[in-house]
Protein chains: 2
Amino acid sequence: MTTIRDVAKHAGVSVTAASYALNNTGTIGEATRKRVLEAAEELNYHPNAFARNLKKRKTHTIGVFISRFGGSFYEEILEGIHSLILDTDYELLVCPESRSARRILLHRQVDGAIVFDSKISDEQVLKLASRHFPIVVMDRDLQSDFILPLLLDNPQGVREAFWHLHQQGFRKLSFVAGAMDSFDNAERMATFLAEAERHNLHVPVYQGNFTEISGYEIARAILQSDDLPEAVFCANDQMAIGFLRAMREHGLQAPNHIAVIGFDDIPLARYMQPSISTIGTPRFEWGTTAVRQLIDFIENETPFQPQRIPTRFLPRESSILNVHSQTSTGETILGPASSDPS
Amino acid sequence: MTTIRDVAKHAGVSVTAASYALNNTGTIGEATRKRVLEAAEELNYHPNAFARNLKKRKTHTIGVFISRFGGSFYEEILEGIHSLILDTDYELLVCPESRSARRILLHRQVDGAIVFDSKISDEQVLKLASRHFPIVVMDRDLQSDFILPLLLDNPQGVREAFWHLHQQGFRKLSFVAGAMDSFDNAERMATFLAEAERHNLHVPVYQGNFTEISGYEIARAILQSDDLPEAVFCANDQMAIGFLRAMREHGLQAPNHIAVIGFDDIPLARYMQPSISTIGTPRFEWGTTAVRQLIDFIENETPFQPQRIPTRFLPRESSILNVHSQTSTGETILGPASSDPS
DNA sequence: GTAGAAAAGTGAAACGTTTCATTTAACTGC
DNA sequence: GCAGTTAAATGAAACGTTTCACTTTTCTAC
């Protein structure tokens with residue numbers, strides 16, 4: 001590995017001069033600057049990032065911490081994050097759950113973090129965040145000047161969905177819940193149950209974990225009984241897909257036998273047969289917003305602006321009665337889009 | 001930030017002793033070791049990764065370089081990579097295309113790399129690879145002791161698909177190509193055209209770029225003419241989806257009007273209506289294989305074992321004539337699975 | 001020509017570790 | 001109680017940068 005020392009020697013100049021020339025800092029003559037750059041080129045020199053970061057105490061890197069790559073969910077968020085990063089001179093580092101996540105976070109190998117991994121504890125995040133290490137959290141609500149919670153507006157979408165069901169006359173409702181430690185699941189469930197409560201409806205809750213298979217198994221259990229719900233709300237699309245699969249295997253169809261609604265609007269949702277009613281989230285923009293605010297904070301100490309990411313109910317075939325001739329991607333709007341019609 | 005110096009002082013011991021204690025190296029008494037660890041705990045000490053890496057010249061990190069997150073394609077590969085990394089004490093760093101990719105690669109911020117990003121040039125890879133920096137490439141074929149090409153066995157799947165079409169009597173075929181700089185596209189196209197050649201068929205090629213929209217637009221162009229092909233082979237699923245969308249808009253159906261085959265078996269393919277015939281690849285295992293060999297090389301200098309990742313044709317509704325009553329996920333096998341029946 | 005200011009260039013310290021070469025302390029067996 | 005060994009602990013150098021404080025050179029205006 002060739003070092004800056006080699007470059008300096010080759011250009012017949014001091015190490016300092018070489019450093020200034022390479023970084024365009026300090027004060028250096030045009031002639032020598034050229035000479036140094038040529039030497040660097042010739043020797044195929046690339047600065048050692050560790051030495052540099054060690055000295056500068058800045059990495060110019062944003063770290064994104066997610067739990068896993070699968071599930072079609074993070075994909076668009078990551079794309080949004082990536083697209084905005086491309087416009088900056090920051091680097092991006094994505095780290096799935098593991099020892100490494102902890103390490104990288106703790107070691108401050110990044111200048112700021114975006115956290116979307118429930119395996120990282122609240123205490124961890126709170127302890128880490130500081131003026132010099134701002135953190136955006138997308139899956140929890142924490143109070144701190146150095147932490148920006150960017151959360152989905154779950155209540156909005158859930159209320160629209162509830163209203164959609166209620167307006168069509170569905171009264172026997174069930175809720176299929178996702179992972180218990182999930183903020184989003186909690187909020188979706190709380191909202192749905194609260195709405196039901198307001199209409200004096202009792203809603204049984206089935207505990208799943210956001211996976212397709214958990215939705216499938218819950219459905220199997222439910223379908224055993226002869227007292228079927230009229231509609232189920234699943235806390236995410238994966239479970240809705242599993243639920244529908246079980247229904248199909250039992251010879252039942254949505255929405256005729258049971259109406260089904262999911263959450264997230266993953267790509268599959270609109271292509272399934274029947275297409276799945278769900279709640280859409282602007283994930284791409286979610287990602288860009290996170291990066292924008294984070295970099296703004298790092299560069300200019302612009303205070304964080306907490307905001308909710310809007311959600312929107314998308315009625316599709318799986319929950320619309322007597323409308324079987326739609327296109328599979330149709331977005332027919334039945335009710336008003338406002339949140340709380342009562 | 002608390003440094004090892006603070007820890008040493010707090011434990012009343014030399015810096016060296018602290019380092020030995022923390023790393024479980026050197027020779028250190030059990031009592032002092034305990035004392036140091038307690039001090040570290042108490043001061044909430046975390047070693048500075050840059051200083052450490054600078055000294056050790058090892059990062060214990062594997063870098064994965066992909067072009068982007070979207071497209072459902074990398075997802076499973078990344079999951080495979082991640083799952084295996086979890087079993088090791090290596091860290092994982094995923095880097096989408098950008099300046100950063102180049103930088104991180106050049107700066108050797110990782111101990112080994114997995115490259116799946118055509119924006120990184122062959123020369124770059126060749127120049128970088130060395131005994132101390134092995135590289136797995138998944139999207140090109142390069143010869144070097146320090147480079148492991150792990151490529152799809154495109155010919156296998158394409159031949160099966162061609163045979164499937166031919167056996168059903170399709171003779172007017174078209175090929176929708178992906179990005180020109182793609183190894184996989186080149187190989188898929190070459191194989192398909194060679195097979196056609198052997199049967200004295202001329203196959204028009206339409207140049208796309210792997211995106212859904214390019215498939216859509218090519219289809220629109222083709223559908224203008226009144227001389228439609230009987231079947232089209234798209235170099236990936238995204239383009240097949242676009243192609244089918246255009247067909248639907250023209251009131252045409254696959255396979256009745258035009259049979260359509262894709263490549264990759266992305267999750268959507270089986271759920272589309274009609275389900276899309278495609279060529280499946282074990283992406284998860286592809287990822288694990290890459291990591292396994294890479295770490296094996298790094299740790300034990302185990303020579304790379306080049307191998308082809310098998311592919312398999314999956315006949316579905318979009319290319320099977322007169323079989324309309326299948327389940328949308330059915331995997332009916334029509335022909336023998338062997339590659340070259342002639 | 002010269003004083004003073006500006007520009008160009010340099011030496012050395014510092015960043016926080018690890019590790020080599022040494023020293024010091026603690027055991028052995030006799 | 002001592003020579004010889006082994007175990008425990010240490011000081012200092014090194015990793016490759018950046019940057020502060022300083023020196024040397026070049027320019028400017030009179």
Side-chain angles (χ1 to χ4, degrees), chain A residues 1-40 43-61 91 103-104 106-111 132-133, chain B residues 1-40 43-61 91 103-104 106-111 132-133:
Chain A
M1 279 280 78
T2 123
T3 80
I4 201 176
R5 195 153 270 116
D6 303 323
V7 174
K9 196 178 300 176
H10 196 265
V13 82
S14 76
V15 171
T16 307
S19 176
Y20 285 161
L22 291 165
N23 294 301
N24 242 331
T25 61
T27 155
I28 201 86
E30 192 51 34
T32 34
R33 204 176 134 268
K34 273 247 168 61
R35 207 137 35 85
V36 170
L37 295 186
E38 274 163 20
L43 298 179
N44 192 24
Y45 166 77
H46 294 289
N48 179 307
F50 299 122
R52 158 175 289 174
N53 291 336
L54 173 57
K55 191 69 184 84
K56 309 239 291 190
R57 315 163 129 276
K58 276 281 173 191
T59 64
H60 240 247
T61 303
E91 314 197 350
R103 264 196 252 173
I104 291 185
L106 291 173
H107 296 188
R108 294 270 205 298
Q109 287 184 53
V110 291
D111 290 348
H132 304 103
F133 194 66
Chain B
M1 278 280 79
T2 123
T3 81
I4 200 175
R5 194 153 271 116
D6 303 323
V7 175
K9 196 179 299 176
H10 196 264
V13 80
S14 75
V15 171
T16 308
S19 177
Y20 284 162
L22 291 165
N23 294 302
N24 242 330
T25 61
T27 155
I28 200 85
E30 192 51 33
T32 35
R33 203 176 135 269
K34 273 247 169 59
R35 207 136 36 84
V36 170
L37 293 187
E38 275 164 19
L43 298 179
N44 192 24
Y45 166 76
H46 295 289
N48 179 308
F50 299 122
R52 159 176 286 174
N53 292 336
L54 173 57
K55 191 69 188 79
K56 307 241 284 194
R57 317 165 126 275
K58 276 278 173 194
T59 65
H60 240 247
T61 302
E91 314 196 351
R103 263 197 253 172
I104 291 185
L106 291 173
H107 297 187
R108 292 270 205 298
Q109 287 186 51
V110 291
D111 289 349
H132 304 103
F133 193 67

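Scope of the values below: all heavy atoms of this structure, side chains included, with no hydrogens, waters or symmetry mates. Letters A, B, ... are given to chains in the order of the sequence lines, protein chains preceding strands, and every chain is numbered from 1.
- Looking at which nucleotide of DNA chain D each of B:Gly29 and A:Asn48 is closest to, the 5′-most match is held by B:Gly29.
- At most 12 heavy atoms of other shown residues, nucleotides or ligands fall within 6.0 angstrom of atom NZ in A:Lys34.
- Using a 4.0 Å heavy-atom distance criterion, A:Asn53 is classed as making no nucleic acid contact.
- Neither OP1 nor OP2 of D:dT17 sits under 4.0 Å from any side-chain N or O of A:Tyr20.
- On a pure distance criterion of 3.5 Å, a polar donor-acceptor pair joins the side chain of B:Thr16 and the base of C:dT19.
- For the residue pair A:Thr59/A:Asn53, the side-chain donor-acceptor check at 3.5 Å is not satisfied.
- Within the nucleic acid shown, A:Thr3 comes within 4.0 Å of sugar-phosphate atoms alone, with no base atom in reach, counting heavy atoms only.
- Looking at heavy-atom distances under 4.0 Å, B:Ile28 makes contact with sugar-phosphate atoms alone, never a base.
- Rounded to whole Å, the distance from NZ on A:Lys58 to C1' on D:dT17 is 18 Å.
- Contact annotation: A:Thr32 side-chain N/O to C:dG9 OP1/OP2 distance is under 4.0 Å.
- Here D:dT18 presents its P atom at 12 Å from CG of A:Asn24, a figure rounded to the nearest Å.
- Taking only side-chain nitrogens and oxygens, B:Ser14 comes nearer than 4.0 Å to OP1 or OP2 of D:dT10.
- One can place CZ of B:Arg57 at 12 Å from P of C:dT19, the figure rounded to the nearest angstrom.
- A residue-by-residue look at A:Lys55 and B:Ala17 shows that B:Ala17 has its nearest nucleotide of DNA chain D further toward the 5' end.
- Proximity of B:Asn48 to A:Leu54: side-chain heavy atoms (C-beta onward) are separated by under 4.5 Å at one or more points.
- Spacing between atom CD of A:Gln109 and atom P of C:dT17 amounts to 13 Å, rounded to whole angstrom units.
- Distance from the side chain of B:Thr27 is smallest to D:dA9 among D:dT19, D:dT17, D:dA9.
- A donor and an acceptor atom, one from each side chain of B:Asn23 and B:Arg52, are located under 3.5 Å apart.
- At whole-Å resolution of the value, CD1 in A:Ile4 and C1' in C:dT10 are 13 Å apart.
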Checklist entry - So A:Ile4 and A:Leu22, side chain to side chain contact (heavy atoms under 4.5 Å, CB included) or not? Walk me through it. => result CA-CA 9 Å; A:Ile4 201 176; A:Leu22 291 165; 3.9 Å; yes

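- One N or O on the side chain of A:Asp111 and one on the backbone of A:His60 form a donor-acceptor pair closer than 3.5 Å.
- A straight line from CZ of B:Arg5 to P of D:dG11 spans 11 Å, rounded to a whole angstrom.
- Nearest nucleotide to the B:Tyr45 side chain, out of C:dT10, C:dG16, C:dT17: C:dT17.
- Nucleic acid contact class of A:Val15 (heavy atoms, under 4.0 Å, all strands): base.
- Distance CG (B:Asn23) to C1' (C:dT17): 9 Å, rounded to an integer number of Å.
- In this structure, the NZ atom of B:Lys56 is 22 Å from the P atom of D:dA13, given to the nearest Å.
- OP1 or OP2 of C:dT18 lies within a sub-4.0 Å distance of a side-chain N or O belonging to B:Ser19.
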